[in-house]
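In the text below, chain A, chain B and the rest are named by the order of the sequence lines, each starting its count at 1.
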Amino acid sequence: MGYDFQRIEKKWQEYWSNNQTFKVAIDHNKPKFYVLDMFPYPSGSGLHVGHPLGYIASDIYARFKRHKGYNVLHPMGYDAYGLPAEQYAIQTGTHPEITTEKNILRYREQLDKIGFSFDWSREVRTSDPKYYKWTQWTFIQLVNSWYNKSTDKAEDVSSLIGHFEKSGNAGIIAAGEETEPFTAEDWKAYSEKEQQEILMKYRLAYLSNTMVNWCPELGTVLANDEVKEGLSERGGHPVEKKMMKQWSLRITAYGQRLLEGLDNIDWPESLKEMQKNWIGRSEGASVIFNVDKEHVNNENVGIEVFTTRPDTIFGATFMVLAPEHELVDRITSSERRKSVDEYKSWVKNRSERERMTEVKNITGEFTGAYAINPLTNDRIPVWIADYVLSGYGTGAIMAVPGHDSRDFAFANHFNLPVIQVVVKDGDKPSDPGTWDDSYDSKEGIMINSGFINGLSVHDAIRTTIAKIEELGIGEGTVNYRLRDAIFSRQRYWGEPFPVYYKDGMPYMLDEDKLPLELPKVESYLPTSEGNPPLANAKNWATEEGYPLETNTMPGFAGSSGYYLRYMDPNNEVEYFSKEANNYWKDVDLYIGGDEHAAGHLIYSRFWNKFLFDLGLVCEEEPFKKLINQGKIQGRSNFVYRIQGSNKFVSYNLRKEYETQPLHVDIDMVNNDVLDIETFRNWRAEFKDAEFVLEDGKYICGHEVEKMSKSKHNVQNPDALIDKYGADTLRLYEMFLGPLEQDKPWDTNGIEGVFRFLRKLWRLYFDDNDNIIINDEKASDKELKSLHKAIKKVTSDIERFSFNTGVSAFMICVNELADLKCHKKEILEPLVVLLSPYAPHIAEEIWQTLGNDKGISYVEYPVHNEKYLVENTFEYPVSFNGKMRFKISLPVNMSKQDIEEAAINAEEAKKWTEDKTVRKVIVVPNRIINIVVG
RNA sequence: GCUCGAGUGGUGGAAUUGGUAGACACGUUGGACUUAAAAUCCAAUGGCCAUCGCGGCCGUGCGGGUUCAAGUCCCGCCUCGAGUACCA
C-alpha cells in the first residue's frame, strides 16, 4: 500500500477536531506560551502558498512548545472588514457579510487541510458584533481619555475637568493642540458646547477639521501609512490633501513611549528601524524670529521656527514659511500681495503627486516682510515656498543656505546671500559663491558666529540652545514626524462609531447600548450629497432621534487589539477578563509580514499602551518576539512562439528563431518540462500547435515575478496537498529556505521531500502496512545518530532555522536506514522530533507503535551528550614540557591521522612557546590549530 | 539622497562563537532492477590539472588589511533588494 497520506491526514485531522486536542484553558500548573499569526483578510481568491509559510512556522513552534510542556495559546481568526468585499457589493449588490462568510468558509477549509493546531474555539472575526463591540468600547475609552504629560500616561477626562473647575487650564501639560489660557471661572462660564470644544482638544480620540489624505477614486480618506508615494496603497489611486472634519487618534501622545519601547522587544532590527523612522524623532530647538514692525503696523509678530541646527543661526540669511502658514496673510506687504496670493492658489491646486514629482523645481515668493535674526539683529527677508511643509515642525524655517542643501538651492535660484558659518576640520574658510553645494555635515568648527566661534558643531548646538533659552527667544525641543492617525473612513463595511450628534457636537453612546450594529443599506455607494454609505441607512439615529455618525472605522481598528480578545473570546461582559490577561499576558511569538511595520504594528502597540495606562492589560508591549516571514514570489513559466506561426520552440533553442514569450499556466509544467497534451487543450488556439523539442522534451523558460492570476503563476496549496499531502507541503515550505527571506515559489524540489516521507514510511512498514519494529537494545552508533538529531533539530527550532532542522532529521533517518535500524527505542523519540513538522505521519506511526494517547503532548526528547562523543582519546601533547591536552577526535579518524596530527602538534608547539594555549583543534589529515590568548 | 539587508556550485541553500567551505535537497550523468515505463536502489557531481590509484592548485561580488587560520572581523568599492524622502 505504501504511504497513503490522504487516508492518514483525513484520519488525524478528524481525530484532532473530535478530541478538541488543541483547545486550551487557563492552567496555573503549566507555563503559558502564546504563539500568534497575523490573521488573514479572507479574500475571494483563497489562500495561496505564501499565506501558510508563516502559519506553518508558527504551528511548528506551537507544537514544539506543547511537547515541551507549555500551555500553548495558538488561535486564529479573520480580519473580516475590508474594501474588496465592499467593492464586490457595489458591483453586485451582494451584502459584504455574505461574501465574507463564504470566503471565510473557504479559508477554513484550506487551513484545516494543512493540519494546523489552532484552538478554533477562540476564533474571532472583526466584523462580528460580539467582537466589534469591544472595538467600539475601546474607542469610547479613547474619547474619554486625555494624555497627561506630567504623569506620562493616559487619564480619564474627569481628572481634567476636575482640574479645569479648580484652576482652569493652568498647570496642565497635555498632549494635544495648544489651548488659550483660561481660569476656573472662565471654565464655569462656558456653555456646554464651548466646554466640549475645549475638551475635544485633549481627548485621545477626537473630532477635528484636519488636513487629510483624500482619495477621490476610493471615495474615502486614508491614514498616512495607507498612502505610498502620493498614491493609495490599495489600488494605486491618486491622493490629495483636503480639509475635512474627521475622527483622529492622538497616537502622537505616545511617540516617545513607542520609540523607547522598541528597546525592550525582540523584533528584527530592520523593522525597529522602520518604526523609528516612521516616528521620526529629531532633537533641536524652536526659535522665535520677530517680524520687523514696520511691516505689521507696529504689532509684535513672532515667527516660530524649528531647527535641528541651532548652531547655524548666524548663517540664517532668510526665512521661509509654508504657503499655508497662518501668518502669511498678516505679514505680506501690499506690493507683494498679488504675487503671494497667486502663488498660494497655484500651490493649493497642485496635487500631492505633482508636488512630489516636481520637487526639483524651485518655486517661492517674497512676502515683502523682513524678520530680525535674534542673534545677529540682521534684517532678513521672509519668503514662502512649498518646500517647507505646513505639517512638519512649525511650518516655518530659518534658512541657512550655507549648510542646508535645499536652502542653498533656493538661495542660488533667487539670488539670496550665503554665509559660511561651519568650516570642515582642517579646511580654510572659502567664498560660498564658489561652492557647488552647501556643507551639511555636522563635523566642523564654527566661524562668523559670534559667541560660538571656534566651537565644534556639537558643542555649538548645546551652547546656542542654552543662549536662546537664556534670552527667552526659544527653547530646546523635540519634534516627531509621527502624525495623529485619521480614524474615519467614508465606507460601509467597517465598524460603526458609537457616536451620535447633538447640537453638532458628538456624544458617546452608553456602553450598555453596545454593540451598535452595522445597519442594512440599499446602496453601498456614497449618497448623492457625497455622504458615506451609512447615510443611506434607514433610521440611523438614536432612540431619541439624534443622528448617528455615518463614517466607519478604518481597517486597523479591528486588528489593533484582536490578540487580547483571543485570551477570552466569549466573554460577554468584558473585552477580556483580568484573570485571562494576567495568565496569558502578552504574545510570546508573533509571526507575520513586515508590510505592517508602519501600520498595524504601530497601532497595536499604541492600543496596548493605552489599555496598559488604563490598568486593563498587564504588559506594556503586546508582542515580545516578532518574526517576519519572507514573501513568496511567483515563478512563471514561458513558452516561445515563433513569430507569426503556431509553432513553439523549446527554451534552449529559442535563440535560433524570432520568438515571442507567452506565460503558460504553471500547473501544466513539471520541472520546467511542458505537458504538451494539456497545453494543446488549454486554449482553442493551441489545439494544433507544433513544437520544436530538445531531447524529446519541451523545456519552458522561467522568471521570478509577483504572483498574479494574469501571469498564470499563482500556486494554491490545495493542488499540492492533493498530490503530495499536507505533511509534504509543510516540510517543503520550511525546506525552501530561511523563514525570514523572500524567495520565489518553486515546486522543483518538492519531490525530494515527498520522496523522503515515502522512504520513511517504507523503512518502518512492510507491503501490508504492518510496522517492522523490534525491542532490541540500540547500539552506540544508532544512539549517536539519534541524539545528534535531537540536539540539532531542537536547537534549530529554537532559533527558527526550520530548513536546517528538516535536513538534520533527514540525515538521521538516512543513517538509520543504512544501519537497518528498526528499534522502538530509537523510533519513538524520532517520531516525536518529526511531530511538529509533519504531524499527521508522526501521529500515525506513534499510534502504530502502540500508543493510544496521541502524540501532541508527548514529552520532547532531550539529547544526551554522552552518546555524541564516542571516541575520546587522551592524547598527550606537551608544550613547554608542562601542559597536557585532552583532544576529542572524530569517530572516523584513523590511527594514522592521529599520528600525523601529533607530529603537526609538535611543530606547532614551536611558535606557541611563551603563549597561553586556550584551545586545541585537531583536523584530520591537516593541521593542529592551537588557539592562544 | 538617507537608513537597513543581501551577494557562496547548474539551482534552492548549509557552515550557531573566526577553525576540514559547499551540509541537505533539486537537477544532471552513469549503473542496477524491469519486456518497458514508473517507483526504488547504487555511484559521480565547484573549477582546473593529474590519474590505475595517490594527489596538487584555485575558489564564498571586487580591491586591500588583521590573524597560525577569514564566507565570517576591519577599511575602501561594485551590484541587487527593501523602507523612506524637500522632515528643516
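- Atom C1' of nucleotide B/C42 and atom NZ of A/Lys759 are separated by 11 Å, given to the nearest angstrom.
- Residue contacts for A/Asn803: at a heavy-atom cut-off of 4.0 Å it reaches the sugar-phosphate backbone alone, with no base atom in range.
- Residues A/Met319 and A/Ala371 come closest through the heavy atom pair SD-CB, 3.5 Å.
- Here A/Asn814 reaches the OP1 or OP2 of B/A25: one of its side-chain N or O atoms lies under 4.0 Å away.
- A/Leu736 comes within 4.0 angstrom of sugar-phosphate atoms only, judged by non-hydrogen atoms across all strands, and of no base.
- Side-chain nitrogen and oxygen atoms of A/Arg762 include none within less than 4.0 Å of the OP1 or OP2 phosphate oxygen of B/A39.
- In this structure, A/Pro744 reaches neither bases nor backbone, as no heavy-atom distance under 4.0 Å exists between it and the strands shown.
- Between the CG atom of A/Leu729 and the P atom of B/A25 there is a distance of 20 Å, rounded to whole Å.
- If you check B/C86 for Watson-Crick or wobble pairing at under 3.5 angstrom, you find it has no partner at all.
- Note on A/Arg481: a side-chain N or O is less than 4.0 Å away from OP1 or OP2 of B/A85.
- Under a 3.5 Å cut-off, the side chain of A/Asp404 and the backbone N or O of A/Asp407 do form a donor-acceptor pair.
- Under the 4.5 Å side-chain criterion, counting only non-hydrogen atoms from C-beta, A/Leu816 is in contact with A/Leu830.
- For B/C73 and B/A23, the C1' atoms lie 24 Å apart once the distance is rounded to whole Å.
- In a base pair of the Watson-Crick type (N1 to N3 plus N6-O4 or O6-N4) or a G-U wobble (N1-O2 and O6-N3), with each distance short of 3.5 Å, B/U45 is matched with B/G27.
- Taking the C1' atoms as reference points, B/G46 lies 26 Å from B/C41, given to the whole Å.
- Within 6.0 Å of CD on A/Glu443 lie no more than 12 heavy atoms contributed by other residues, nucleotides or ligands.
- Using a 4.0 Å heavy-atom distance criterion, A/Asn361 is classed as a base contact.
- Between A/Arg406 and B/C87 there is a side-chain N or O to OP1 or OP2 distance below 4.0 Å.
- For B/A39, there is no paired base (Watson-Crick or G-U wobble, both distances below 3.5 Å).
- Pairing for B/A50 is absent, judged as Watson-Crick or G-U wobble with the two contacts each under 3.5 Å.
- Comparing the P positions of B/A82 and B/C77 gives a spacing of 24 Å, expressed to the nearest Å.
- Between A/Arg758 and B/A39, a side-chain N or O to OP1/OP2 separation shorter than 4.0 Å is absent.
- Distances shown here put a side-chain N or O of A/Gln741 below 4.0 Å from the OP1 or OP2 atom of B/G13.
- A/Ile811 comes within 4.0 angstrom of the backbone, heavy atoms only, and of no base.
- A/Lys792 comes within 4.0 angstrom of a nucleotide base, judged by non-hydrogen atoms across all strands.
- B/G47 and B/G10 have their C1' atoms separated by 13 Å, given to the nearest Å.
- The partner of B/G81, taking Watson-Crick or G-U wobble pairs whose two distances both stay under 3.5 Å, is B/C4.
- Nucleic acid contact for A/Val388: base, since at least one base atom lies under 4.0 Å from a heavy atom of the residue.
- The NZ atom of A/Lys276 sits 14 Å away from the P atom of B/U3 (whole-angstrom rounding).
- Annotation: B/U84 and B/C26 have their C1' atoms spaced 38 Å apart (nearest Å).
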